[in-house]
Amino acid sequence: MNALSRTTPLKTQFFNRDPRRVARALLGKLLVRKTPHGLLAGRIVETEAYLGSDDAAAHSAAGKTARNFVLFGPPGIAYVYFIYGNHYCLNVSCLPDGVAGGVLFRALEPVAGIEQMAAARGIKVDEIDLAKVSSLKKLSSGPGRMAAALGVTRVRDNEKSLVSARSDLRIVDDGYRVRRVTVTPRIGIVKSAEHPLRYFIAGNPFVSGRSL
DNA sequence: GAGGAGATCGTCT
DNA sequence: GACGATCTCCTCT
């Protein structure tokens with residue numbers, strides 16, 4: 001894949017800062033999954049920042065539990081949780097060890113391994129029209145969808161480093177430059193819903209929900 | 001195209 | 001026992 005030929009993996013330090021800065025900086029980067037059948041990759045087009053103890057909407061707001069301890073750990077680690085009895089959502093921890101914070105990945109633009117992603121989503125390959133955005137968008141637009149497309153589960157990926165060379169799930173920079181970022185309130189939450197902590201690439205058609 | 005409700009289960013109270 | 005950082009299907013327009 002040409003898109004993946006010259007990439008730089010992100011380092012731990014990238015995540016060792018305010019989740020709002022990480023959420024914005026992650027836009028345009030590639031989320032890459034190595035599988036025995038090849039590489040899956042999607043460009044990150046939409047994220048949400050979840051702050052630590054001051055953010056009522058964050059899982060970490062009520063303190064450290066067996067479920068959310070990853071958010072309190074070192075930066076650059078995957079936090080995967082199961083929601084609504086159906087879906088997994090993928091986050092990455094931010095800030096130094098001991099300080100809670102994270103970023104939720106909300107939507108990807110499929111870049112490589114589209115056939116595998118479709119299969120993982122239970123969509124037949126011949127149902128995907130590569131020329132149509134509306135068709136590709138079903139693959140990974142939304143937290144549950146993109147997690148399913150990359151085969152992300154709690155058992156498999158929670159606590160996994162996203163910056164280790166040994167990891168099969170990583171984030172890389174291929175030099176793509178984001179022109180404009182739009183910031184809106186987060187989606188699907190009730191508590192602290194008013195804060196503008198959702199970031200997406202302006203005008204990108206793969207953004208989930210309403211893209212103002 | 002928009003809006004509403006059901007599915008379904010891990011986690012926390 | 002209640003609820004949730006969602007998705008899909010169904011109905012109505």
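Side chains included, hydrogens not; waters and symmetry mates left out as well; all remaining heavy atoms used. Just so it is clear, the structure is predicted and the values come from calculations on it, not from any experiment. Chain identifiers are assigned alphabetically (A, B, ...) following the order of the sequence lines, protein sequences preceding nucleic acid strands; residue numbering begins at 1 within each chain.
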*So which of residues 141-162 of chain A are in contact with DNA chain B, with a heavy-atom cut-off of under 4.0 Å?*
A:Arg154

_Interface residues of residues 83-91 of chain A with DNA chain B (non-hydrogen, below 4.0 angstrom)_ = A:Tyr84, A:Gly85, A:Asn86

Under 3.5 Å donor-acceptor pairs involving side-chain atoms of residues 63-80 of chain A, not counting sequence neighbours:
residue: A:Thr65; atom: OG1; partner: A:Arg67; partner atom: N; Å: 3.2
residue: A:Thr65; atom: OG1; partner: A:Asn68; partner atom: N; Å: 3.3
residue: A:Thr65; atom: OG1; partner: A:Asn68; partner atom: OD1; Å: 3.4
residue: A:Asn68; atom: OD1; partner: A:Thr65; partner atom: N; Å: 2.7
residue: A:Asn68; atom: ND2; partner: A:His59; partner atom: O; Å: 2.9
residue: A:Asn68; atom: ND2; partner: A:Gly63; partner atom: O; Å: 2.9
residue: A:Tyr79; atom: OH; partner: A:His59; partner atom: ND1; Å: 2.7

*Output every pair passing ring pair (Phe, Tyr, Trp, His ring centres under 6.0 Å) with a member in residues 86-124 of chain A, not counting sequence neighbours, ordered by first then second residue.*
A:Phe82-A:Tyr88

*Closest-nucleotide 5' rank along DNA chain B - winner of A:Phe82 and A:Ala66*: A:Phe82

My understanding is that only residues two or more places apart in sequence, or in another chain, count here; which of them pass side-chain contact (heavy atoms from CB on, under 4.5 Å) with [X]?
{"X": "A:Ala193", "answer": "A:Ile189"}
{"X": "A:Val133", "answer": "A:Pro205, A:Phe206"}
{"X": "A:Asp54", "answer": "none"}

_5' to 3' contact window, DNA chain C with chain A (heavy-atom distance under 4.0 Å)_ = C:dG4 to C:dT8

*Mind running side-chain contact (heavy atoms from CB on, under 4.5 Å) on A:Val172 and A:Thr8 for me, showing each step along the way?*
CA-CA 5 Å; A:Val172 304; A:Thr8 312; over 6 Å; no

*Could you check whether A:Arg67 gets within reach of a base, just the sugar-phosphate, or nothing at all, counting any heavy atom under 4.0 Å?*
sugar-phosphate

*SB check A:Glu109 A:Arg43 (cutoff 4.0 Å)*: no

*Would you write the dot-bracket representation of DNA chain B, where each base gets (, ), [, ], | or . depending on whether it forms a Watson-Crick or G-U pair under 3.5 Å and with which partner?*
|||||||.||||.

*Can you tell me how far CG of A:Asn204 sits from OG of A:Ser141, rounded to the nearest 0.5 angstrom?*
9.0 Å

_Partner residues of A:Asp55 under the salt bridge (charged side-chain N to carboxylate O under 4.0 Å, His left out) criterion, sequence neighbours left out_ = A:Arg186

*asked:* What range of DNA chain B does chain A touch, first nucleotide to last, counting atoms under 4.0 Å from its heavy atoms?
replied: B:dA7 to B:dC12

_I need the minimum non-hydrogen distance between A:Leu139 and A:Pro110, along with the two atoms involved._
CD1-CG, 4.1 Å

_Contacts of type side-chain hydrogen bond (donor to acceptor under 3.5 Å, both in side chains), residue A:Thr35, not counting sequence neighbours_ = A:Gln116

